[in-house]
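If you read the sequence from its start, that first residue is 1, and numbering goes on from there. All values reported here derive from a predicted model rather than from experimental measurement.
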Amino acid sequence: MRKTSDLVNELRAEAEHAWLVAIAVGLKTETEFVFSSRKHPLEELDRLVKNGGTPIGLLKFEKENSTVQGSYRPFLEYENEEWAKKYLAGLLDKTVEIIELSQVQSPGFPKAY
């Protein structure tokens, strides 16, 4: 696996041409996401990896008017793994929920009043 900083750089590069991009991180019983819209994505990814998470790939969302279209791309380490493609494709079934998560305040950051 590449360094987490390399994965975050890939996230940022992809986000330059998208409405929203997220790294999907597989944990034992759930999936967590590191969003391109966060202020400190590297720290979030490092925390998830330290807690046993595995970064699988990117979810990319394009918005046109009120329609959102999602796509996925496994990271280089998993690009030939059929399970990774199915995993990421299955996450797109939860596009609305994932977008809602991206709009929730990042843990550890105080709310603005």
Side-chain angles (χ1 to χ4, degrees):
M1 178 58 68
R2 290 175 288 157
K3 296 186 297 186
T4 54
S5 59
D6 293 336
L7 301 179
V8 168
N9 287 338
E10 196 169 327
L11 168 79
R12 288 180 171 145
E14 196 74 31
E16 289 181 18
H17 307 286
W19 178 63
L20 178 68
V21 179
I23 296 175
V25 181
L27 295 155
K28 270 190 173 179
T29 59
E30 62 187 347
T31 302
E32 297 260 352
F33 302 95
V34 176
F35 295 101
S36 58
S37 57
R38 296 287 200 239
K39 290 185 180 183
H40 302 284
L42 180 58
E43 288 84 353
E44 288 186 36
L45 183 57
D46 283 342
R47 177 183 54 79
L48 291 171
V49 169
K50 183 179 178 183
N51 290 331
T54 302
I56 306 298
L58 295 174
L59 299 178
K60 180 178 177 180
F61 301 97
E62 300 288 352
K63 186 175 182 181
E64 187 173 319
N65 299 320
S66 61
T67 304
V68 175
Q69 179 69 39
S71 61
Y72 66 88
R73 181 172 54 81
F75 284 127
L76 180 64
E77 294 82 353
Y78 301 110
E79 70 182 359
N80 295 319
E81 300 290 338
E82 196 60 36
W83 68 265
K85 294 173 187 173
K86 288 180 181 178
Y87 178 79
L88 294 170
L91 291 174
L92 291 179
D93 291 340
K94 303 289 185 183
T95 294
V96 171
E97 293 89 338
I98 293 169
I99 291 170
E100 287 174 356
L101 279 175
S102 77
Q103 297 170 354
V104 174
Q105 187 165 325
S106 181
F109 292 99
K111 291 183 181 178
Y113 294 98

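Annotation: the span from F33 atom CZ to R38 atom CZ amounts to 11.5 Å, rounded to 0.5 Å.
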Show me the donor-acceptor pairs within less than 3.5 Å that the side chains of residues 50-72 make with the rest of the protein, sequence neighbours left out.
residue	atom	partner	partner atom	Å
N51	ND2	R47	O	3.2
K60	NZ	E14	OE2	3.1

Let me have the donor-acceptor pairs involving side chains of residues 80-92, under 3.5 Å, with sequence neighbours excluded, atom names and distances please.
residue	atom	partner	partner atom	Å
E81	OE1	W83	NE1	3.3
K85	NZ	E79	O	3.4
Y87	OH	T31	OG1	2.5

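Residues passing the side chain to side chain contact (heavy atoms under 4.5 Å, CB included) test with E100, sequence neighbours excluded: V96. With sequence neighbours left out, the salt bridge (charged side-chain N to carboxylate O under 4.0 Å, His left out) criterion links E10 to R2, R73. Annotation: side chain to side chain donor-acceptor pair (under 3.5 Å) contacts of T4 (sequence neighbours excluded): D46.
Summarising the geometry of P41 relative to V8, their closest heavy-atom pair is CG-CG1, 3.9 Å, with the distance given to 0.1 Å. The two residues L20 and S37 come nearest to each other via the heavy atoms CD1-OG, 3.9 Å. For the pair I98 and F35, the tightest heavy-atom approach, listed with the atom from each and the gap, is O-CZ, 3.5 Å.
Hydrophobic clustering places L101 together with L45 (ILVMFWY residues linked when any side-chain heavy atoms are closer than 4.5 Å, directly or through intermediates).
Within the structure, salt bridge (Lys or Arg N to Asp or Glu O under 4.0 Å) pairs that include any residue of residues 17-26 do not occur (at least two apart or interchain).
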